[in-house]
S.K.: 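This is the structure, below, for whatever I ask next.
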Amino acid sequence: MNKKIVGTVIGLGVILAIAAGQSVIEKKQANQVPTVGVMQFMAHPALNQIYQGIRIGLEDNGYRIGRDVKIDFQNAQGDQSNLKTMASRFESEHTAVAVGIATPAAVAIANTIHDRPVVFSASTNPVSAKLVKNYARPGKNVTGVSDQAPLEQQLKMMRTLLPQMQTIGVIYTSSDDSATTEATKFQHLAQQAGLTVKMYSIASSNDLNQTSLQMVAGHNVDAVFVPTDNTIAGAMSTLIKNTDAAKVPVFPTVDTMVKQGGVASESINQKAIGIATGKMVAKILDGAEPATTPVDFMKTGDLIINRAQAEKLGITIPDTLDQRAHYIESIGK
Amino acid sequence: MEIIVSAIGQGLIWATLGVGLFLSFRILNFPDMTVEGTFPLGAAVSVTLITMGMNPLLAALIAAFAGGIAGLVTGLLYTKGKIPILLAGILTMTAIYSINLRIMGQANKSLLGMTTLFNAKWLDFLPTNFPTVLVGLILITLITGGMALFLQTELGQAFIATGDNPAMARSMGINSDAMTTMGLIISNALIAFGGALVAQNNGFADVNMGIGIIVVALASIIIGEVAFSEQMTLGERLMTIVIGSILYRFVLVAVLYAGFNANDLNLFSAVILGLALLLPQLKQKIQLSKVLKNGVAQHGK
């Protein structure tokens with residue numbers, strides 16, 4: 001047998017033996033400053049804001065970052081194979097709390113860390129992702145903040161702005177579970193309200209141009225609804241280019257997507273999700289048990305209106321909405 | 001230390017992919033893109049079956065069977081349909097994407113709270129991350145051992161001959177089409193098995209988990225080749241793939257620990273792989289320049 005191979009195998013074996021020995025001795029050096037591991041599934045505006053919110057939430061609840069708590073931030077860039085490695089990193093660091101932003105990150109952490117608290121942020125359907133058993137009493141070491149959007153409120157707002165609306169196009173990414181769940185939920189709500197709903201799904205951002213063109217061609221739909229969809233959020237300008245050309249208003253669920261050219265949204269403020277998560281992390285650092293900490297939901301949305309976009313599409317904003325709206329004045333960025 | 005153990009465990013699991021791709025990439029000498037579909041296929045099949053209550057090992061074996069069928073499709077497209085191999089693979093891979101969505105009924109299926117090969121009761125005595133190492137070691141030993149034995153049989157030798165020189169193999173009465181198809185079936189069955197293992201280890205299957213997987217599989221083959229550049233027996237070659245897979249995980253961990261932005265991770269993977277591929281050429285170049293220098297010096301005398 002080749003000597004180099006034998007050498008390498010022996011080397012790896014020695015490393016394993018040492019590691020096994022170390023973990024048997026189990027010298028738990030208690031960290032002076034607790035570490036909070038934060039893993040973000042990918043970089044895009046909404047998820048970035050959640051991370052910002054988590055920092056604010058921690059600071060507001062008495063944990064100054066760098067002094068009372070350390071943050072180890074990891075961004076998986078949407079790559080599934082990185083998730084496990086990063087989760088193991090949290091495991092080996094003995095993070096006091098590990099936070100997963102977006103469901104895949106949270107699932108990867110929950111699957112790796114069983115004996116310390118795990119907090120998910122912005123998981124739309126934590127029960128179907130098996131993160132928690134039920135919302136009121138999560139039961140294990142995992143709890144968190146869900147980002148289920150207030151869809152009834154959203155539909156009501158759309159009907160107030162567009163009284164003539166008959167047909168709604170819903171566009172979403174079929175490989176994005178939370179987007180699919182939200183799209184289907186909205187479909188049922190709109191159908192119950194007597195509207196016609198046309199569903200359009202894309203497989204990746206490459207399909208968005210073609211599919212959205214088809215959706216608005218010949219004014220097929222009166223308005224477009226976009227759920228919380230990471231892929232579409234990343235390619236929003238493609239969608240808006242086509243809907244603007246056909247003069248069809250777009251109603252997303254996320255505030256950042258209104259900035260990117262949507263007309264209005266009863267949106268969950270992403271930063272608020274982050275702040276709620278930060279607050280929950282602080283509570284757990286103070287000693288709360290995840291098993292008995294109920295999953296947090298954002299009860300109301302903020303009404304966000306893009307004034308320039310509304311004017312461009314000839315939509316007048318009634319007084320009832322005007323009073324509580326936050327306006328975004330510019331189109332784009 | 002735990003992160004190193006984790007990397008070794010991950011390397012052992014991912015090595016299944018390297019061994020699978022070795023059959024098509026090195027022995028048959030063509031790049032089989034089907035793997036980017038069969039990897040998530042294996043994950044989807046095994047995760048779905050486990051959530052339905054099936055034994056995790058049986059689920060992984062059925063996943064391997066499904067991967068074999070995908071390999072058969074690519075093989076038939078290539079040998080009978082005369083479709084170029086790259087295209088045949090891409091066609092199958094594209095089709096599998098939709099099939100995976102059908103199988104799972106959703107894009108991402110979680111295994112949280114379910115028993116998998118890596119959290120079974122009998123592994124409870126082991127410290128963190130060691131179950132992955134132990135199960136990975138057992139499985140990869142069985143796989144490489146079985147592969148080495150198979151390649152020494154008459155059928156295995158005919159298979160290798162087909163890869164070396166299809167024309168000569170045919171003249172010796174070997175059915176090269178059948179050999180190629182068989183290679184693709186075994187290769188994709190192994191890749192799907194690897195997908196099942198990775199999904200069980202990660203705790204979920206996702207339709208997009210196949211993207212870029214061919215680079216990961218290639219990396220273990222090529223890093224192994226570069227690290228152990230000497231002449232080797234087939235069994236040793238298979239072992240270097242496993243070691244290469246572990247070394248690749250070490251590099252990724254090092255990159256993450258060095259504080260590099262995860263945005264750059266794919267770039268790093270590609271650069272590492274590129275360097276490994278270029279190394280033999282560079283070595284030659286450097287020796288060549290030495291020879292030139294000597295030559296010029298002598299001429300000057």
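Each chain gets a letter, A, B and so on, in the order the sequences are listed, and its residues count up from 1. All values derive from a computational prediction rather than experimental measurement. What you see below is based on every heavy atom in this structure, not just the backbone, and it leaves out hydrogens, waters and symmetry mates.
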S.K.: Between B:Asn201, B:Leu111, B:Leu126, which has the largest tally of heavy atom pairs under 4.5 Å with chain A?
M.R.: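 Among B:Asn201, B:Leu111, B:Leu126, the one with the most close pairs to chain A is B:Asn201.
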S.K.: Heavy-atom distance under 4.5 Å to chain A: side chain of B:Asn202, backbone, both or neither?
M.R.: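 Contact with chain A involves both backbone and side-chain atoms of B:Asn202.
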S.K.: Calculate, to the nearest 0.5 Å, the distance between atoms OG1 and CD1 belonging to A:Thr8 and B:Ile246 respectively.
M.R.: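 The distance works out to 10.0 Å.
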S.K.: Heavy-atom distances under 4.5 Å only: say whether A:Ala203 touches chain B with side chain, backbone, both or neither.
M.R.: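 Contact with chain B involves both backbone and side-chain atoms of A:Ala203.
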S.K.: Mind checking whether A:Ile5 and B:Phe228 have side chains closer than 4.5 Å, heavy atoms only?
M.R.: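 A side-chain contact under 4.5 Å exists here.
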S.K.: Which answer fits B:Ala7, side chain, backbone, both or neither, if we ask what part of it has an atom under 4.5 Å from a heavy atom of chain A?
M.R.: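 Neither part.
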S.K.: Out of A:Ser175, A:Ser88, A:Ala87, which one racks up the most heavy-atom pairs below 4.5 Å with chain B?
M.R.: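 Winner by heavy-atom pair count: A:Ser175.
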S.K.: Can you tell which part of B:Met114 gets under 4.5 Å to a heavy atom of chain A, answering side chain, backbone, both or neither?
M.R.: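 Only the side chain of B:Met114 comes within 4.5 Å of chain A.
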S.K.: Heavy-atom distance under 4.5 Å between the side chains of A:Thr85 and B:Arg249, does that happen here?
M.R.: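 Side chain of A:Thr85 against side chain of B:Arg249, heavy atoms only: contact under 4.5 Å found.
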S.K.: If I measure from the heavy atoms of chain B, does A:Leu83 come under 4.5 Å with its side chain, its backbone, both, or neither?
M.R.: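 Looking at A:Leu83, just its side chain touches chain B.
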S.K.: Minimum heavy-atom separation for B:Val5 to A:Ala19, with atom names?
M.R.: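 Closest pair (atom of B:Val5, atom of A:Ala19, distance): CG2-CB, 3.2 Å.
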S.K.: Considering only heavy atoms, which portion of B:Phe118 lies under 4.5 Å from any heavy atom of chain A: side chain, backbone, both, or neither?
M.R.: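 Neither part.
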S.K.: To the nearest 0.5 Å, what is the distance between NZ on A:Lys84 and CD1 on B:Ile13?
M.R.: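 Output value for this atom pair is 8.0 Å.
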S.K.: Out of B:Val207, B:Ile4, B:Asn208, B:Leu101, which one racks up the most heavy-atom pairs below 4.5 Å with chain A?
M.R.: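 Answer, by heavy-atom pair count under 4.5 Å with chain A: B:Asn208.
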S.K.: Using side-chain heavy atoms (C-beta onward) and a distance below 4.5 Å, is B:Asn119 in contact with A:His114?
M.R.: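 Contact flag for B:Asn119/A:His114 side chains = no.
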S.K.: I need the B:Phe204 CZ to A:Thr103 OG1 distance, nearest 0.5 Å.
M.R.: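 Separation between the atoms: 10.5 Å.
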S.K.: By a 4.5 Å heavy-atom criterion (distance strictly below it), what part of B:Val133 contacts chain A: side chain, backbone, both, or neither?
M.R.: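 Interface part for B:Val133: side chain.
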S.K.: For A:Thr180, is it the side chain, the backbone, both, or neither that has a heavy atom closer than 4.5 Å to a heavy atom of chain B?
M.R.: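 For A:Thr180, no heavy atom lies under 4.5 Å from chain B.
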S.K.: Heavy-atom distance under 4.5 Å to chain A: side chain of B:Met232, backbone, both or neither?
M.R.: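 Just the side chain, heavy atoms under 4.5 Å.
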S.K.: A:Lys130 versus B:Thr51: any side-chain heavy-atom pair under 4.5 Å?
M.R.: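 Side-chain contact under 4.5 Å: yes.
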